[in-house]
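Within every chain, numbering begins at 1; the chains are lettered A, B, ... in the order of the sequence lines, protein sequences first and strands thereafter.
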Amino acid sequence: MKFFRKHLVIFTGAFIGLAGVILALAGNPSNMGFCMACFLRDTAGSLKLHSAEALQYARPEIIGLVLGSFLLSLVRREFKPRGGSSPILRLLMGAILMISALVFLGCPLRMVLRMSAGDISAYFGFIGFVLGVIIGTFFLRRGFSLNRSYKQSVANGIAMPSMQIVMLILLLALPNLLAFSEKGPGAAHANIFLSLSMALVVGMLTQQSSICQAGGIRDIVLLRDFHLFWGGLAIYLIALLGNVITHQFKIVSFGPIAHGDTLWNILSMVVVGLAAVLLGGCPLRQLTLSGTGDTDAGITVIGMLLGAAFAHNLGLASAPNKVVEGVIEGGPTTAGKIAVIIGLLLLIGIGFIHIRRPQKTK
Amino acid sequence: MLSDKNQKIIDETMNIKTIDARGLSCPQPTLLFQELIAEGQFPCSILVDSGIQHENILRLANKSKCRIDERSEEDGYRLIITRQ
């Protein structure tokens with residue numbers, strides 16, 4: 001039990017990698033067994049926050065993740081309603097992170113799952129992600145802080161888990177109120193109960209282990225600490241093994257539901273990496289925290305939901321590359337590229353406004 | 001359990017630098033702890049939320065060969081750091 005506790009982050013990574021492979025095999029879109037960005041986008045679509053018909057499905061993975069974290073934090077008396085740390089900035093940064101993730105076509109977790117399936121474009125995304133995290137550490141070393149959070153009422157703390165319960169009720173009992181894609185990625189989904197149960201376990205494991213893709217790179221750069229990185233590596237290695245065994249592994253320049261525009265794969269993930277560091281965690285971490293009563297993370301999740309809606313309403317999201325009669329179609333849009341640059345500038349501005357000292361600490 | 005105000009009076013009397021890292025986002029508490037031990041003024045103390053921040057600091061303290069005495073507080077822990 002002590003061994004399990006000590007290496008929990010590795011077990012968590014391994015389970016997430018496994019869940020990614022299994023859910024993709026069981027009906028989720030290719031290389032998208034578990035993707036926070038894509039699934040929040042699909043959930044936004046199901047709520048008709050955007051009208052991209054191919055991207056509408058209230059993903060049980062999001063619901064399960066938050067509720068798994070919520071339930072275990074209650075059982076272990078680790079549920080702590082708190083908030084008040086620059087909420088509106090977190091909403092904005094969540095939206096920026098999401099928009100840029102949808103230019104790349106994946107969150108940091110999907111980036112790793114795509115890498116494990118042989119998608120070369122995701123490796124370029126990883127380079128951008130690492131660069132973004134490094135830029136984030138520039139601000140952290142200079143005392144960047146979005147300021148303290150404080151104890152909040154229980155009502156505040158249970159708001160996000162309650163919203164997820166409402167989504168679950170809608171999905172299971174009142175589906176006519178939601179939109180469901182009939183084709184495209186939104187129509188590709190595993191059995192609701194399989195998704196929900198795997199996500200509940202992921203939520204519990206991530207709540208205990210605090211696994212975080214951005215944190216993994218950040219802690220190596222800042223603290224020479226590899227603890228979280230081993231978790232990320234476990235996701236990659238187990239998913240890679242799973243993909244090879246299940247014949248989902250194929251080395252391609254861009255995988256399914258991805259594009260091969262190297263520059264924008266890198267730049268968009270620079271913004272995702274930077275946003276994740278300034279927010280204190282990647283999208284998976286934000287969703288996990290929102291289940292434990294962290295209302296700042298909850299607002300970040302709402303920001304991500306809004307960002308997903310804007311991404312599709314304003315044509316910011318990339319279209320996956322498709323080869324049609326020998327011609328490659330799709331890729332990032334001009335509006336999306338502009339949004340990535342604006343997002344980067346906004347994050348840098350927020351970074352400089354919130355540092356405590358111009359010189360870095362050793 | 002001492003109130004924050006009384007604890008502050010004790011810290012100031014005994015010249016113990018105390019940093020309040022409660023309510024801060026990852027990895028700020030760990031960075032503040034790193035700064036605290038780099039300053040080299042022992043004993044010092046840091047207030048930290050229970051959970052992952054507490055675990056991270058204990059892990060870093062182990063690597064930095066500091067001795068930590070911890071005291072449960074109402075909303076977290078007070079970690080008193082001395083050089084090993």
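- Defined by atom type and a distance below 3.5 Å, a donor-acceptor pair is present between the side-chain atoms of B:T18 and B:S45.
- Only the side chain of A:R285 has a heavy atom closer than 4.5 Å to any heavy atom of chain B.
- Per-residue heavy-atom pair counts under 4.5 Å with chain A were compared for B:R59, B:Q28, B:E55, and the maximum is reached by B:R59.
- A donor-acceptor pair shorter than 3.5 Å can be found between the side chains of A:E78 and A:Q208.
- The side-chain tip of A:R77 does not point at the ring of A:F79 from less than 6.0 angstrom away and within 45° of straight on.
- For chain A, the nearby parts of B:D20 are the backbone and the side chain; heavy atoms of each come within less than 4.5 Å.
- Highest contact tally toward chain B, considering only A:S145, A:G143, A:A297, A:G280, is held by A:S145 [criterion: heavy-atom pairs under 4.5 Å].
- For A:H7 and A:F11, the distance between ring centers is not under 6.0 angstrom.
- A donor-acceptor contact closer than 3.5 angstrom is absent between the side chains of A:R148 and A:S85.
- When heavy atoms are compared at a cutoff of 4.5 Å, A:N147 approaches chain B solely by way of its backbone atoms N, CA, C and O.
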